[in-house]
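For reference, the structure discussed in these notes is given below.
Atom set for the values below is all heavy atoms of this structure, side chains included, hydrogens, waters and symmetry mates excluded. All ligand and atom numbering here is 1-based and tracks the order in the structure.
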Amino acid sequence: MKIDRIDLYHVAMPLISPWRTAYGEDADIHALLCRLGSGSLEAWGEAAPFAAPCYSAESAGSAFLIARDWLAPAVLGQAFDRGEQLQQAMAVYKGNPFAKSALDTAWWSLKSINTGTPLHTLLGATRDWVPVGADFGVMDRIEDLLPHIDEAVSAGFSRVKLKFRPGWDIPVIQRVRDAFPSLTMHVDCNSGYTIDDLEQFRQLDAFQLAMIEQPLQHDDLHDHAQLQRQIETPVCLDESVRSVHLARQALALGSCQYMNIKPGRVGGLTHAVAIHDLCQQAGIPCWVGGMLESACGSAHCTALAMLDNFTYPADIFPSSRFYDQDLASPPLELITGPDGTPGVQASSELALPREDLLQQQVLQQATIC
Ligand code: MG
């Protein structure tokens with residue numbers, strides 16, 4: 001599988017309504033799409049670090065430049081049999097996991113097509129359906145949130161995730177817990193707090209949350225370990241785990257009892273599988289997170305989520321949840337499981353960007369060949 005052509009697209013995908021988190025608000029999702037060509041074969045990858053470097057140090061614009069100027073030239077003309085070899089070819093360039101993920105996920109898609117093997121099977125999965133959760137961003141009023149949760153519970157979602165930030169915090173959780181006493185739910189702080197907020201996290205112990213996701217700084221492991229020792233609710237790391245090395249350190253320090261794994265944040269599927277395996281060996285359960293990718297990136301997340309140690313319902317959303325028209329086709333739809341729970345089904349056909357929408361939504365494009 002010699003890589004002989006690489007096309008990169010920085011796209012802005014308009015959302016139905018803005019996505020509000022602890023770090024801001026996005027009206028459209030900026031992503032990097034990558035098409036790898038190998039002879040007559042071609043395959044797509046996607047990474048969605050957003051428009052501004054607020055979720056992490058990367059933006060879609062920076063990922064586009066790093067991929068165009070450094071990563072693509074480093075892998076062009078080379079043949080890789082394993083994901084680790086591809087990663088090795090990019091390893092001299094530090095960090096930039098989202099940029100690397102666009103190439104890595106495209107390479108796994110290419111391997112799937114080349115070998116005629118479904119992606120989830122290539123990654124080592126033995127199941128083809130998993131449940132997903134329902135997520136709700138910050139809203140104007142608590143009264144706006146409760147009907148949405150009610151709807152999710154009626155639809156059979158097995159867990160709910162709420163964003164958590166100053167001004168949208170304990171009183172919101174109190175109201176939700178009062179209204180839904182037995183609901184499995186957790187909060188995502190998107191690194192909006194510090195260890196000085198320990199008392200607030202101690203108060204959260206009263207609400208039987210499944211976990212508190214990324215409470216502290218985006219690059220911290222030490223304070224999370226300190227927090228975890230002082231509260232009962234499990235801590236889950238998201239932003240802080242950007243590499244296999246950091247995952248190993250987090251496990252050694254006891255920084256979390258859950259790990260959220262997103263292919264984009266850790267450099268692609270190669271590292272996502274390695275982190276999954278490390279967590280499994282350490283007895284730490286995982287779940288797959290999302291960056292509001294198109295159906296193309298969501299298909300990679302779906303394949304990953306089939307691995308055994310992803311035991312908490314994933315953040316993988318149907319296309320219609322965020323987009324009027326998904327950039328990729330077919331759009332992702334939820335498939336109800338035997339017990340009535342919404343979930344996602346792994347497929348042997350990965351979703352591909354639509355040429356018409358790609359042309360409408362592209363901001364920058366480059367071809368390296
Ligand atoms: Mg998160």
Side-chain angles (χ1 to χ4, degrees), residues 15 18-26 29-31 47-59 97-98 101 132-139 152 157 159-166 168-169 172-173 184-194 197 201 204 209-221 223-224 227-228 233-243 246-247 250 255-267 271-272 275-276 279 284-293 297-298 300-301 304-305 310-317 321-322:
L15 291 168
W19 181 240
R20 273 191 234 165
T21 61
Y23 49 79
E25 183 168 318
D26 286 277
I29 296 300
H30 283 233
F50 297 170
C54 291
Y55 168 79
S56 76
E58 288 180 275
S59 67
F98 279 96
S101 172
V132 297
D135 285 32
F136 300 103
V138 174
M139 297 184 187
F157 283 96
R159 64 93 174 146
V160 161
K161 160 172 158 175
L162 304 175
K163 291 296 185 185
F164 191 86
R165 73 177 187 187
W168 189 258
D169 44 39
V172 174
I173 305 309
T184 299
M185 65 173 177
H186 83 267
V187 295
D188 184 4
C189 307
N190 284 115
S191 61
Y193 295 84
T194 72
D197 299 302
F201 292 113
L204 278 180
L209 299 177
M211 66 191 79
I212 301 171
E213 185 181 344
Q214 193 68 36
L216 311 182
Q217 287 96 330
H218 71 99
D219 54 358
D220 171 78
L221 295 176
D223 288 0
H224 281 97
L227 175 68
Q228 183 64 92
T233 310
V235 168
C236 171
L237 288 181
D238 176 354
E239 283 91 331
S240 287
V241 179
R242 302 178 303 281
S243 66
L246 287 169
S255 305
C256 63
Q257 293 181 33
Y258 277 93
M259 214 175 274
N260 165 314
I261 303 180
K262 298 172 179 171
R265 198 193 66 231
V266 302
H271 290 167
I275 293 170
H276 164 276
C279 288
I284 296 292
C286 300
W287 55 286
V288 169
M291 296 294 296
L292 282 63
E293 296 91 345
S298 295
H300 300 132
C301 292
L304 176 68
F310 289 114
T311 55
Y312 190 72
D315 265 356
I316 299 174
F317 311 105
R321 166 82 168 79
F322 293 110

Near the Mg ion (ligand 1), is there an N/O/S atom from E239 that is less than 2.8 Å away? no
Measure from the Mg ion (ligand 1) to each N, O or S atom of E213 and report whether any distance is below 2.8 Å. yes
Looking at every non-hydrogen atom in both residues, tell me the closest pair between R20 and K163 and how far apart they are. O-CG, 4.0 Å
Over all heavy atoms of both residues, which pair between C189 and Q214 is shortest? Give the atoms and the distance, please. CB-O, 3.4 Å
Among the N, O or S atoms of D188, which one sits nearest to the Mg ion (ligand 1)? OD2
Minimum-distance N/O/S atom that D238 presents toward the Mg ion (ligand 1): OD2
Side chains of N260 and E213, donor plus acceptor under 3.5 Å: yes
Without hydrogens or angle criteria, can the side chains of Y312 and H186 be said to hold a donor-acceptor pair below 3.5 Å? yes
